[in-house]
Amino acid sequence: MTSQNFFSSRALVSPRTVQSGAAALVVGLALALSGCNSGGSPGPGGTSSPVAAETPTATPTPTPTSSAVYKPADASGPAQNVPVPVLPEVAKTETKEGAEAFMKHWFSVLSYAYETGDTAALSKLSKTECTFCQGLVADIEAAWGEGKWISGGQIEIPVATAKPSTDGSTQVVLQVLQKELVIHNPDGSPYQEKTAATNSGSVAMVRFADSGWVVNDLGLIR
């Protein structure tokens with residue numbers, strides 16, 4: 001059985017062929033400067049003697065709270081502390097920019113699923129009738145079954161372009177980069193041969209509903 005990433009085929013661990021129509025925390029420190037007058041009599045010329053200002057007490061700089069460090073998967077074990085994708089505000093709007101941002105987010109969620117085996121968010125953002133989407137969910141879950149895990153397979157979206165479709169949905173064409181992917185056995189050995197990195201394209205049909213954007217259909221650009 002040959003491992004395949006998103007763009008060589010939909011399947012990760014099955015030979016099925018798919019056809020588809022388609023912050024930073026800023027901390028300010030306030031230093032209080034105070035001065036005092038000695039209250040002595042004025043000296044010659046009617047001016048009082050200068051008095052040295054008190055040395056201000058600096059507020060200690062808070063020690064940054066240590067956060068869990070992301071560690072990519074390798075032969076020694078699955079990825080650790082993978083950042084959870086956050087839906088951008090623009091992706092919540094029923095606009096061209098919103099559709100593009102949503103699909104970039106969708107692929108971030110797919111990438112997260114490859115790294116963690118957690119497909120819950122991916123399923124939520126995809127309609128059940130999206131055969132390609134549901135096939136990805138099933139195959140990722142199979143790849144993570146029986147103690148196996150995936151290393152690599154991370155996805156980036158350099159370009160996403162949306163345009164309205166005649167049926168009221170929105171078509172989004174994307175360039176997708178996916179890194180080399182390896183499925184590991186519980187002992188860390190390769191489950192099958194690694195899959196090379198890819199640079200390919202995809203087209204998605206999305207629709208805005210009460211809960212936001214959702215993927216109705218997805219396919220590769222042949």
Side-chain angles (χ1 to χ4, degrees), residues 3-8 10-13 23-30 58-92 97-98 100-126 133 136-160 174-200 202 204 212-213 215:
S3 73
Q4 300 177 28
N5 62 10
F6 180 78
F7 289 98
S8 59
R10 188 214 73 211
L12 270 174
V13 295
L25 177 64
V26 180
V27 180
L29 299 179
T59 304
T61 303
T63 302
T65 302
S66 59
S67 57
V69 177
Y70 165 65
K71 179 182 181 299
D74 54 26
S76 66
Q80 299 176 20
N81 308 311
V82 181
V84 179
V86 178
L87 183 68
E89 287 300 315
V90 66
K92 301 175 184 178
E97 294 77 14
E100 292 167 350
F102 168 75
M103 279 311 302
K104 288 185 176 182
H105 173 71
W106 189 94
F107 276 96
S108 294
V109 172
L110 174 59
S111 185
Y112 178 82
Y114 274 109
E115 287 202 84
T116 65
D118 183 353
T119 60
L122 186 63
S123 296
K124 184 177 180 181
L125 299 176
S126 310
C133 305
L136 282 169
V137 169
D139 290 335
I140 290 173
E141 290 176 351
W144 277 82
E146 300 177 344
K148 301 189 299 294
W149 70 87
I150 295 173
S151 64
Q154 296 92 338
I155 297 173
E156 295 180 16
I157 307 295
V159 180
L174 309 105
Q175 179 192 8
V176 188
L177 307 178
Q178 186 170 23
K179 293 184 178 180
E180 179 182 276
L181 181 152
V182 180
I183 300 174
H184 297 274
N185 287 312
D187 63 0
S189 63
Y191 175 71
Q192 50 202 20
E193 291 185 5
K194 65 184 178 183
T195 302
T198 56
N199 179 355
S200 189
S202 181
W213 290 102
V215 178

_Residues forming a side-chain contact (heavy atoms from CB on, under 4.5 Å) with P88, sequence neighbours excluded_ = V90, A91, H105
*asked:* Suppose we screen for side-chain contact (heavy atoms from CB on, under 4.5 Å). Which residues come up paired with V159, at least two apart in sequence or across chains?
replied: T161, Q175
*State whether a side-chain donor-acceptor pair under 3.5 Å links Y191 with E146.*
no
*asked:* Measuring from atom CD1 of I157 to atom CZ of F107, what distance do you get when rounded to the nearest 0.5 angstrom?
replied: 5.0 Å
*Would a distance-only check, ignoring hydrogens and angles, find a side-chain to backbone donor-acceptor pair under 3.5 Å from S151 to A73?*
no
*State the CG-CD distance between L110 and E115, to the nearest 0.5 angstrom.*
11.0 Å
*Under the ring-ring contact (aromatic ring centres under 6.0 Å, His included) rule, collect the residues that match up with W149, sequence neighbours excluded.*
H184
*Do side-chain atoms of Q178 reach the backbone of G153 as a donor and acceptor pair under 3.5 angstrom?*
yes
*Please list, chain by chain and in numerical order, all residues satisfying side-chain contact (heavy atoms from CB on, under 4.5 Å) with D187, sequence neighbours excluded.*
N185, S189
*Identify the two heavy atoms, one from G145 and one from K148, that lie closest to each other, and give their separation to 0.1 Å.*
O-NZ, 2.9 Å
In residues 117-125, what donor-acceptor pairs under 3.5 Å come from side-chain atoms, sequence neighbours left out?
| unit_1 | atom_1 | unit_2 | atom_2 | d |
| --- | --- | --- | --- | --- |
| D118 | OD1 | A120 | N | 3.1 |
| T119 | OG1 | E141 | OE2 | 2.7 |
| S123 | OG | T119 | O | 3.1 |

*Which atom of K104 lies closest to which atom of A160, heavy atoms considered*: CE-CB, 3.9 Å
*Decide side chain to side chain contact (heavy atoms under 4.5 Å, CB included) for Y114 and L136; before the verdict, give the C-alpha distance in whole Å, the side-chain angles of both, and the deciding distance to 0.1 Å.*
CA-CA 10 Å; Y114 274 109; L136 282 169; 4.0 Å; yes
*Could you tell me which non-hydrogen atom of P83 sits nearest to which non-hydrogen atom of Y112, and how far apart they are?*
O-CD1, 3.4 Å
*To the nearest 0.5 Å, what is the distance between OG1 (T116) and CD1 (I150)?*
9.0 Å
*Test item: M103 and L174 side chains (from C-beta on) under 4.5 Å apart, heavy atoms*: yes
*asked:* If I compare all heavy atoms of A113 with all of W144, which pair ends up nearest, and what's the gap?
replied: O-NE1, 3.9 Å
_Considering only residues two or more places apart or on different chains, which pairs with a residue in residues 68-92 satisfy salt bridge (charged side-chain N to carboxylate O under 4.0 Å, His left out)?_
K71-D74, E89-K92
*asked:* To the nearest 0.5 Å, what is the distance between NZ on K179 and OG1 on T198?
replied: 12.5 Å
